[in-house]
Amino acid sequence: MLAKLRKSCSCTPKKLKNFVMDFLPVLRWLPKYQCKEYIWGDVMSGLVIGIILVPQAIAYSLLAGLKPIYSLYTSFFANIIYFLMGTSRHVSVGIFSLISLMVGQVVDRELLLAGFDLNDDAPPALGDSSLQNDSQSNTTAFNLTIAGMNAECGKECYAIGIATALTFVAGVYQVLMGIFRLGFVSMYLSESVLDGFATGASLTILTAQVKYLIGIKIPRSQGHGMLVITWINIFRNITHANLCDVITSAICIVVLVTAKELGDRYKHKLKFPLPTELVVIVVATLVSHYGKLNEVYASSVSGAIPTGFIPPKVPHFNLMLRVAVDALPLAIVSFVFTVSLSEMCAKKYAYTIRANQEMFAVGFCNIIPSFFHSFATSAALAKTLVKTSTGCQTQVSGVISAMVVLLVLLFLAPLFYSLQKCVLACIIIVSLRGALRKFRDVPARYHVNKVDTLVWVITMSASALISTEIGLLVGIVFSMLCIIVRTQRPHTALLGQIQGTTFYEDDLEYENLSSVPKVKIFRFEAPLYYANRNYFLKSLYRLTNLDPNLEAARRKKYEKKEKQHLKKGDHTTTNGLGIGENTLQLVPKQTDFQTLVVDCSSIPFLDTTGVNTLKEILKDYKDLNISVLLACCNPSVIDSLKRGGYFGKDFGNMQEMLFYSIHNAVQFAKDQKLSADCSV
């Protein structure tokens with residue numbers, strides 16, 4: 001052991017090289033890059049994703065409660081870092097609506113606790129010079145002592161401080177999960193839970209954008225029940241809707257939905273998706289600017305977006321403590337979506353990914369950008385599908401997309417000053433089509449599996465009506481409870497023989513099965529452990545119509561009465577028969593079988609309680625002269641029975657107690673009965 005420990009801890013040039021190559025997979029595949037074969041597809045997909053990414057990044061800033069510049073930073077750095085560390089060739093990592101929503105909820109809560117006004121149109125505050133306008137006439141300064149921050153810090157400064165602290169902690173969680181190989185956590189997020197969570201969060205996102213669609217000013221709701229409270233506020237203020245925003249929203253939604261539907265219908269004929277979002281944003285910005293919609297109709301606009309990069313800043317440690325709990329579900333959801341999409345692409349294009357390295361990659365996609373005023377990222381399904389459909393071959397396409405975002409950051413960002421927020425809200429809402437279409441799949445889902453449908457409904461309802469984090473937790477807990485309940489009360493059956501074959505099936509599910517005389521065959525379709533022990537026994541006694549404990553007690557009571565009659569000198573029994581005829585009455589009429597065969601084919605494992613339960617029924621039925629035979633046990637169950645002493649000390653009776661098929665057990669029972677009849 002010491003030698004192995006020394007070998008594993010030793011640092012050689014070869015080990016160091018392998019470590020670096022594993023940590024930065026780009027060093028393995030980039031030198032082998034086939035430029036002539038791959039470059040065209042990568043450039044095309046990179047340009048298309050970059051064009052889609054810019055308007056989405058600006059739009060999703062509304063969800064995160066931050067300025068658009070931070071969304072652009074996030075998109076730029078995430079693409080560069082995943083290019084270096086990711087193992088998937090096709091997945092698109094960057095800003096994602098669900099992650100932006102989760103970040104925005106934490107930011108809004110902390111801003112509210114700090115005493116800031118959550119109104120989006122509140123005047124900007126001092127403290128972040130890069131975001132100030134040239135005119136300082138409408139600024140408000142807050143001298144904050146919040147979470148240990150003794151500095152003059154405005155609303156935007158504090159908001160991005162919360163977001164970067166949250167992102168840093170989430171990244172640290174993901175890296176730690178990678179170090180300790182805790183990727184198995186994602187297994188507890190079933191497809192039903194993820195779909196329900198995504199749909200519930202989409203309803204929350206849609207609700208949060210309605211106020212921008214109709215141009216009303218209502219406070220951003222916080223806490224549980226945000227969806228219901230927001231809709232109440234919307235209907236209370238519906239009379240104050242901005243007609244300009246309503247008309248703009250209607251036109252944009254019609255254009256976007258029509259373009260999306262046409263794109264879906266003719267996607268096989270189109271070489272790349274139509275850049276509808278970018279066209280809508282450019283046209284809407286020009287109309288808003290030259291029509292002076294903000295000045296004339298008071299339509300809310302994006303405002304100034306600075307160019308260049310803000311100097312990096314270390315996330316504040318005291319803020320990390322405030323958001324440490326919120327970062328955990330964020331880290332898990334981000335990782336699960338990234339790995340699931342990576343595995344989907346790897347399976348489709350016949351290559352492998354390393355899930356643990358994906359954990360590191362998405363972790364550092366959060367840790368490093370958090371120093372550059374960015375917030376949490378994840379893989380996004382829609383952009384990944386676009387990437388694969390436009391000829392993407394490697395993550396070089398991610399670098400091209402990052403260059404497009406960089407171009408906007410350095411030169412083009414100020415041009416979006418007049419862009420109406422209702423246009424951004426339209427882009428967000430139309431992007432939710434896929435998640436909202438899940439409602440149409442409910443009948444088909446119900447037909448396939450009722451329990452999974454119930455998990456989906458519960459998760460979706462909790463995510464929408466309570467909060468996204470609690471909805472995810474409720475979904476995980478409820479799905480696990482469903483599994484526990486299904487193992488606690490599994491399907492049980494008595495089996496009959498399919499005529500003319502050696503196979504046996506449930507006599508309630510199939511017709512024309514023949515019962516085996518003097519043999520009962522019992523099937524239990526779950527692991528036998530402490531939680532379902534009582535259900536196992538109750539089902540066995542109910543289906544065989546014999547409780548050995550009650551029968552044994554009845555026999556003892558009968559024997560006791562017989563002895564009392566004999567002591568009194570009465571030579572007739574309680575049944576009115578003579579003493580010589582009493583022996584026939586000791587075998588009760590209810591016992592219509594002499595052998596019980598337990599079909600263990602659906603029992604994957606036994607715990608100590610399960611072994612003791614089988615030993616108990618072996619003893620109880622033996623007292624009634626009924627043999628218990630086990631059939632179709634897997635090696636794990638056999639090993640548990642051996643270690644539990646079920647077959648005796650030397651396993652001498654194992655050949656007469658354990659059989660590899662039900663038919664062998666039945667034949668053994670028939671031979672036993674035949675030999676007993678012959679001896680009589």
Side-chain angles (χ1 to χ4, degrees), residues 47-64 68 71-72 75 92 94-98 100-101 198-199 201-215 241-289 291 293 299-302 380-387 389-390 401 404 408 415-416 418-440:
L47 288 174
V48 171
I49 292 297
I51 291 170
I52 294 173
L53 199 57
V54 170
Q56 280 195 353
I58 297 173
Y60 289 165
S61 62
L62 295 179
L63 294 176
S71 300
L72 294 171
S75 300
S92 177
I95 194 166
F96 184 39
S97 58
L98 296 184
S100 300
L101 174 68
T199 307
S202 297
L203 292 175
T204 304
I205 293 171
L206 186 149
T207 300
Q209 301 310 303
V210 171
K211 68 175 185 177
Y212 298 111
L213 289 182
I214 59 179
N242 188 307
L243 185 61
C244 176
D245 285 343
V246 172
I247 295 174
T248 304
S249 299
I251 294 172
C252 289
I253 288 178
V254 169
V255 171
L256 288 168
V257 171
T258 303
K260 292 289 184 184
E261 292 297 329
L262 290 174
D264 290 344
R265 181 174 297 181
Y266 300 107
K267 61 183 177 181
H268 299 295
K269 297 182 180 181
L270 297 173
K271 293 184 177 180
F272 54 86
L274 299 172
T276 314
E277 292 92 344
L278 185 63
V279 173
V280 167
I281 279 185
V282 170
V283 173
T285 303
L286 292 173
V287 171
S288 176
H289 177 73
L293 301 184
S299 180
S300 181
V301 297
S302 298
L381 175 61
K383 291 193 286 290
T384 299
L385 294 177
V386 171
K387 235 183 170 184
S389 66
T390 51
S401 300
V404 175
V408 175
L415 299 179
F416 297 105
S418 299
L419 178 60
Q420 293 167 273
K421 288 185 177 179
C422 65
V423 176
L424 300 177
C426 292
I427 293 174
I428 293 173
I429 289 174
V430 173
S431 71
L432 300 175
R433 291 184 316 142
L436 296 177
R437 280 176 174 171
K438 298 289 184 181
F439 284 104
R440 297 192 310 186

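Just the heavy atoms: all of them, side chains too, but no hydrogens, waters or symmetry mates, feed the values below. Keep in mind the model is a prediction, meaning the values are calculated, not measured.
With sequence neighbours left out, Ala250 forms a side-chain contact (heavy atoms from CB on, under 4.5 Å) with no residue at all. With sequence neighbours excluded, no residue forms a ring-ring contact (aromatic ring centres under 6.0 Å, His included) with Phe416. The side-chain contact (heavy atoms from CB on, under 4.5 Å) search around Ile247 returns Leu243, Ile251, not counting sequence neighbours. Evaluation of the side-chain contact (heavy atoms from CB on, under 4.5 Å) rule for Ser299 yields Cys244, Asp245, Leu293, Gln420 as partners, not counting sequence neighbours. Leu206 pairs by the side-chain contact (heavy atoms from CB on, under 4.5 Å) definition with Val210, Trp231, Ile429, Leu432, Leu436, not counting sequence neighbours.
Put simply, OG1 on Thr207 and CG on Leu203 are 6.5 Å apart, with the number rounded to the nearest 0.5 Å. Taking OG1 of Thr258 as the reference point, atom CD1 of Ile253 lies at 11.0 Å (rounded to 0.5 Å). Distance check, rounded to the nearest 0.5 Å: CG of Leu419 to NE2 of His289 gives 13.0 Å.
Between the side chain of Ser288 and the backbone N or O of Ala284, no donor-acceptor pair lies under 3.5 Å.
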Taking only distance into account, with no hydrogens and no angle test, what donor-acceptor pairs under 3.5 Å do side-chain atoms of residues 49-63 form with protein atoms, sequence neighbours excluded?
from, atom 1, to, atom 2, distance (Å)
Gln56, OE1, Lys383, NZ, 3.2
Tyr60, OH, Ser431, OG, 3.4
Ser61, OG, Ile58, O, 2.5

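Within the 4.5 Å cutoff, the side chain of Asn242 has no heavy atoms near those of the Ile214 side chain. For the pair Ile428/Ser97, no side-chain contact is recorded, criterion being any heavy-atom separation below 4.5 Å from C-beta on. At a threshold of 4.5 Å between non-hydrogen side-chain atoms, the residues Val279 and Val255 do not count as touching.
When all heavy atoms of Ala201 and Leu101 are compared, the pair lying nearest together is O-CD2, 3.7 Å. The two residues Leu213 and Ser249 have their closest heavy-atom pair at O-OG, 2.7 Å. Scanning all heavy atoms of the two residues, the minimum distance from Val301 to Ser418 falls at CG1-O, 3.6 Å. In this structure, Ala435 and Thr199 approach most closely via the heavy-atom pair O-OG1, 3.5 Å. Looking at every heavy atom in both residues, Ile95 comes nearest to Ser75 through CG2-OG, 3.8 Å. Residues Lys387 and Ser92 share a closest heavy-atom pair of CD-CB, 3.9 Å.
Under the salt bridge (Lys or Arg N to Asp or Glu O under 4.0 Å) criterion, the residue pairs touching residues 248-261 are Lys260-Glu277, Glu261-Arg433, Glu261-Arg437, with sequence neighbours excluded.
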